[in-house]
Amino acid sequence: MKLSPKQRAFADNFIKSGNKYQSAINAGYSKSYARSHAEKLSENVGIKAYIAKRLEELKSAAVADQQEVLEFLTRLVRRQEMEQVVVTLKKPVSIPMHDKEGKTYSKFAYEDVDDVVDVKTKNSDALKAADILSKLQGMGDNANNTLTKNQSRKAKAEADIMESKASAYRTPEGQDGGLNKLLAAIDESIPKGGDVNDNPN
């Protein structure tokens, strides 16, 4: 349904103020018409549809979408965003002075002057942004899961190796026989006729 210019103006004013009577007056309706018809204007199907559409447009324009958030976080990670910081600078000033004879001379002093400067994103903020970005993209959880899986596989492999070595020294005679075999293997690896640390050359 096509709205008249006054109806559109009423709807736009109502979106801003939420006041039906004042919106009707601002749209160009007379006070007497606004008093008696403001409620009917707000209930008009075409006006209600227009208001709903405009609110949706305003909402989507005002709220950052996912792409915008990801791009902003990426700029933070790359330290491309600037932020303003207040710094205090020492500014030299000349103060006119008079000596005993009435002669004028200048004395230099420094006064504190606040200035606003643009600085790049801090490293700590860039790291936080990188962490958030990796979580949003699923990299953080995947990276942690991969690390945990690899650590578990390594621990299992080391346990399997130790179990294999231990089973190689088990014999039907029981633990004593296996221990004797292990001691014999160690004894064979020690050089004869000298200290273990002796160099045979």
Side-chain angles (χ1 to χ4, degrees), residues 1-95 108-152:
M1 179 179 189
K2 190 174 180 182
L3 301 181
S4 70
K6 277 187 178 180
Q7 287 175 323
R8 185 175 280 109
F10 168 80
D12 288 333
N13 277 283
F14 183 67
I15 290 169
K16 291 177 193 171
S17 68
N19 184 317
K20 297 171 188 173
Y21 173 73
Q22 192 60 48
S23 296
I25 291 171
N26 291 347
Y29 293 102
S30 67
K31 288 185 179 181
S32 61
Y33 185 88
R35 212 175 290 115
S36 59
H37 291 85
E39 190 65 37
K40 284 184 183 178
L41 282 171
S42 68
E43 295 299 321
N44 179 298
V45 175
I47 291 174
K48 284 175 85 171
Y50 175 81
I51 289 173
K53 181 182 171 193
R54 284 292 294 138
L55 286 174
E56 191 61 34
E57 288 171 1
L58 291 169
K59 179 178 141 189
S60 63
V63 177
D65 63 8
Q66 293 172 339
Q67 184 65 29
E68 191 177 353
V69 170
L70 293 174
E71 287 173 3
F72 173 70
L73 288 169
T74 301
R75 287 194 306 275
L76 283 177
V77 169
R78 294 177 179 164
R79 298 189 68 210
Q80 295 170 336
E81 281 292 313
M82 303 297 278
E83 58 182 275
Q84 293 188 326
V85 178
V86 177
V87 294
T88 303
L89 304 173
K90 299 281 188 188
K91 180 182 174 186
V93 291
S94 175
I95 303 170
F108 286 99
Y110 291 94
E111 68 178 0
D112 290 341
V113 178
D114 289 336
D115 194 12
V116 178
V117 295
D118 289 331
V119 295
K120 287 185 177 183
T121 309
K122 292 186 290 188
N123 285 338
S124 57
D125 292 337
L127 287 171
K128 287 177 193 170
D131 184 47
I132 293 168
L133 189 60
S134 67
K135 286 178 183 172
L136 287 175
Q137 294 180 331
M139 294 186 305
D141 292 339
N142 289 343
N144 287 340
N145 289 342
T146 303
L147 181 63
T148 304
K149 284 178 186 175
N150 287 341
Q151 288 172 336
S152 297

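The structure presented is a predicted model; accordingly, all values stated were derived computationally and were not measured.
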If every non-hydrogen atom of Asn13 is compared with every non-hydrogen atom of Ala9, which pair is closest and at what distance?
-> ND2-O, 2.8 Å
Looking only at heavy atoms, which two atoms of Glu83 and Thr121 are closest? And how far apart?
-> OE2-CA, 4.1 Å
Write down the atom of Glu81, the atom of Arg75, and the distance for their closest heavy-atom approach.
-> OE2-NE, 2.6 Å
Atom OH in Tyr50, atom CD1 in Ile15: separation rounded to 0.5 Å?
-> 6.0 Å
Checking Asp131 side chain against Leu127 main chain: does a donor-acceptor pair fall under 3.5 Å?
-> no
Hey, what do you get for OH (Tyr29) to CG (Leu41), rounding to the nearest 0.5 Å?
-> 5.0 Å
Which pair of heavy atoms, one from Ile95 and one from Ala109, lies closest together, and at what distance?
-> CD1-CB, 3.8 Å
Heavy-atom side-chain proximity of Lys31 to Ile25 below 4.5 angstrom = yes
Separation between CZ of Phe14 and CG of Asn26, rounded to the nearest 0.5 Å = 13.0 Å
Can you name the nearest heavy-atom pair linking Arg79 to Ala126, along with the distance?
-> CG-CB, 4.1 Å
If you round to the nearest 0.5 Å, how far is CD of Glu56 from NZ of Lys53?
-> 11.5 Å
Heavy-atom pair of closest approach, residues Gly46 and Leu3 | C-CD2, 3.6 Å
When rounded to the nearest 0.5 angstrom, what is the spacing between NZ in Lys128 and NZ in Lys122?
-> 7.0 Å
Is the shortest side-chain N to carboxylate O distance from Glu43 to Lys40 below 4.0 Å?
-> no
Quick one: are Asp112 and Lys90 in side-chain contact, heavy atoms under 4.5 Å?
-> yes
Over 12 non-hydrogen atoms of neighbours within 6.0 angstrom of NZ in Lys20 | yes
Hey, could you give me the CG/CD distance between Leu73 and Glu68, rounded to the nearest 0.5 Å?
-> 11.0 Å
